[in-house]
Number of protein chains: 4
Amino acid sequence: MPLSEEQRLNMKKRRQKILDTAVHLFATEGYEGTTIKKIAEAAEISFGNVFTYFKDKEQLFIASVVEPLEAISDQILDFNEHAEDPVAELLEMVKKHIKLFAGEQNYLTLVVQVVGQHQRFPEPFDHLDQFHDKWRNKIGRLIESGQEKGLLQKQEPIPVATLYTSLLIGIRLNNTDTRYSNMWDQYITPTFQLFGPIH
Amino acid sequence: MPLSEEQRLNMKKRRQKILDTAVHLFATEGYEGTTIKKIAEAAEISFGNVFTYFKDKEQLFIASVVEPLEAISDQILDFNEHAEDPVAELLEMVKKHIKLFAGEQNYLTLVVQVVGQHQRFPEPFDHLDQFHDKWRNKIGRLIESGQEKGLLQKQEPIPVATLYTSLLIGIRLNNTDTRYSNMWDQYITPTFQLFGPIH
Amino acid sequence: MPLSEEQRLNMKKRRQKILDTAVHLFATEGYEGTTIKKIAEAAEISFGNVFTYFKDKEQLFIASVVEPLEAISDQILDFNEHAEDPVAELLEMVKKHIKLFAGEQNYLTLVVQVVGQHQRFPEPFDHLDQFHDKWRNKIGRLIESGQEKGLLQKQEPIPVATLYTSLLIGIRLNNTDTRYSNMWDQYITPTFQLFGPIH
Amino acid sequence: MPLSEEQRLNMKKRRQKILDTAVHLFATEGYEGTTIKKIAEAAEISFGNVFTYFKDKEQLFIASVVEPLEAISDQILDFNEHAEDPVAELLEMVKKHIKLFAGEQNYLTLVVQVVGQHQRFPEPFDHLDQFHDKWRNKIGRLIESGQEKGLLQKQEPIPVATLYTSLLIGIRLNNTDTRYSNMWDQYITPTFQLFGPIH
DNA sequence: TATGAATGAGCGTTCATTCAT
DNA sequence: CATGAATGAACGCTCATTCAT
């Protein structure tokens, strides 16, 4: 007896609700601090039903790291490495990224945990690491293009790109509360300096 | 009959060994992932003996965060905010900090966890946060001095200082393995750009 | 999907079995001498399942004292304080109580422990104490009625009632084995003397 | 090297202090609730030193029950079973016993625990039981003598004696607080009725 | 598919006991 | 004899996972 369309949709929604709840709890309470019972209660489903959608706790954790990554990666990679004016493109990119990172506290806190304890979480880390490489390389190529056009100082592009991604995750980590939330705009210009723009 | 001098020394060594082991395990395996049993085995002492030196797991965790901080904070604050040449001082500071952060993977990974999950670990976070404020303000004053002497572009000093500390912790977080460890030197110049030096 | 009627019944039985087992073990082995493991084994259920029915060991202990009290208190209070012939009523009451106390070794041993260590067990003791007051006062009123009709010697009713309840719990405590179990009948007359009947 | 007289005396005092402390703690906190550490602290000696005087916790517990018994038993048995006037002797005995039991809350609370959980504490219970038999029999003979002289109603002496000792321990158990402490005097006459005096 | 009771391994912690000093 | 650090068994309790309904 195949499931009706409505059931299918319901299940999809339910799965997503579990996942959203799990991201939030894993981020704020950590892996062991988050119990299936807590997730079930917060997602307003029954305890045992969590296992209908995710094989076990580990798979749920992996999904919590990997699935939002797929959703956000397009936005992160949304800049043109072949732009006519690479410096203007870089500045726009910085603005976008800072805005994006400012708004994603929850998920990024989870990312920080996985990266910080990558030996414990090798599988989700691997996904993050691969994305990071891709991202860094794309930024590197944009930097290279700017240097070739004489608009940026000569520096090794990959380390600079690494510094940039490190800076972004670092700001997210450091701005633990809302005291400096209005500071995010002030971060743009100095961050941009990292790339060594020639005036 | 008080303890002999030798016993006293032995206990001090033992306590330190537990602490070092705990820092390492908490950093790589997280708070719940680290069990007292694992710590005892790695420190080569009996299970129950851990509790001779630390009241409970939480106190051991707090000590793991706070005690190394006291040891390292002097080195981190070792720069002169009233230097004649603030720009040269900043550059030297960047070099020192990068070297320091490159060498302290273990402890800093633990710091990342506490900061990333500060709601879970309010007490050790508070210590870190207070040190961070002190550090950031000292850097801010050095930046201000450079700006007053016309050697640095005009930017709000505190956000720049925040960016700088964020960058440092971010590099430490991102360089999870040794693949880029030879890159650390390449980080110096672009990081220094953050402060907006005028050539 | 709620539980079926059969399941519900099974759970009720299981809870009662745990409680009965707990009363027995707490009575014979004391609070700390009784472990959850022992209870689970004696009740033929798994260790963790005890916690499905009782939040923790303390709650199980409280339930072990309080729930049987509710069952037995009606029987204990089953005498008529307004009887036409208060002396005959007293004699009947004594017979009933002695019979009741003779048959309830297990639970009363537990009661003795709670009363004997009331500082350690304030919550269950409070329940017992309240019942004791009620019981003692009711006996006191029956004694008073007998005295007013000139059938009992003049004595303060409440101390006499206290002596009577003390005697009952004391017999239960002293008759630790079955050596004197056929003595219970012989206790009736002398116990009745306590009330000072006038012949 | 034999110990000096002073040392010997000191050790005797120390042993007694441990014992007194243990009686108090075992009585109020129970067997498992009492730790060697607590005893050592309360007795103001070092932890390990407790084991110099008592082989292990169990032996200390046994000594806590048995040694005070030896001290108190003479007082309890201090009545004349061959008295000229057995009824007057009984009345005096009742007065003494009630006074004695009123003043010995601590030790008697411990006795109640051992009797109530005699399966757990067979060795100290055996001592108490033997004393109890001796006591009860002596009272029985005094009762018998009173009956032979026609001063007491005919009743089986041993059950009456058992009732009497039960009553004493029962009062001690029931008077958990000081609310009725001034009642002790009021207990004498009705308790005495137990023996069936003929007026 | 949805539910939640049942299971037991594993945790942090306590504490009687041993033993080197 | 006095001390208290070292040991590890045993405790209460949690929770991921299973499974009957």
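A note on names: the letters A, B, ... follow the listed sequences, proteins ahead of strands, and every chain is numbered from 1. Values reported hereafter were calculated over all heavy atoms of this structure, with side chains retained and with hydrogens, waters and symmetry mates removed.
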Rounded distance in Å - [atom1] ([X]) to [atom2] ([N]):
{"X": "B/M11", "N": "F/dT3", "atom1": "CE", "atom2": "C1'", "result": "12 Å"}
{"X": "B/K13", "N": "F/dA5", "atom1": "NZ", "atom2": "C1'", "result": "17 Å"}
{"X": "B/I18", "N": "F/dA6", "atom1": "CD1", "atom2": "C1'", "result": "11 Å"}
{"X": "A/K17", "N": "E/dA2", "atom1": "NZ", "atom2": "P", "result": "14 Å"}
{"X": "D/R15", "N": "F/dA2", "atom1": "CZ", "atom2": "C1'", "result": "18 Å"}
{"X": "D/I39", "N": "E/dC15", "atom1": "CD1", "atom2": "C1'", "result": "12 Å"}
{"X": "D/E44", "N": "F/dA2", "atom1": "CD", "atom2": "P", "result": "15 Å"}
{"X": "D/F61", "N": "E/dA16", "atom1": "CZ", "atom2": "P", "result": "13 Å"}

In chain order, what residues pass the side chain to side chain contact (heavy atoms under 4.5 Å, CB included) check against D/E41, with sequence neighbours excluded? D/K37
Name the orientation class of the two ring planes belonging to A/F26 and A/Y31 (parallel below 30°, tilted from 30 to 60°, perpendicular beyond 60°). parallel
Base, sugar-phosphate, or nothing: which does A/Y53 touch, judged by heavy atoms less than 4.0 Å apart? sugar-phosphate
Remember a base hit wins even if backbone is also touched, and classify D/R14 as base, sugar-phosphate or nothing at under 4.0 Å, heavy atoms. sugar-phosphate
N or O in side chain of B/N49 less than 4.0 angstrom from F/dA5 OP1/OP2: no
Under a 4.0 Å heavy-atom criterion, the protein footprint on nucleotides 12-19 of chain F, written with B, S and -, is SBBSSBB-
Please examine the side chains of [Y] and [X], heavy atoms only from C-beta on, and report whether any two atoms are closer than 4.5 Å.
{"X": "A/Y53", "Y": "A/L60", "answer": "no"}
{"X": "B/T34", "Y": "B/F61", "answer": "no"}
{"X": "C/L19", "Y": "C/F54", "answer": "yes"}
{"X": "C/V65", "Y": "C/H127", "answer": "no"}

Between the CD atom in D/E104 and the OG1 atom in D/T109, the distance rounded to the nearest 0.5 Å is 10.0 Å
Partner of B/E32 under salt bridge (charged side-chain N to carboxylate O under 4.0 Å, His left out), picked from B/K57, B/R120, B/K38, is B/R120
The correct list of stems in which DNA chain F takes part (3 or more consecutive Watson-Crick or G-U pairs, distances under 3.5 Å) is E:2-21 with F:2-21
5′-ward residue of the pair B/T52/C/K38 relative to DNA chain F: B/T52
Pairing donors with acceptors under 3.5 angstrom, does anything connect the side chains of C/N49 and C/T52? yes
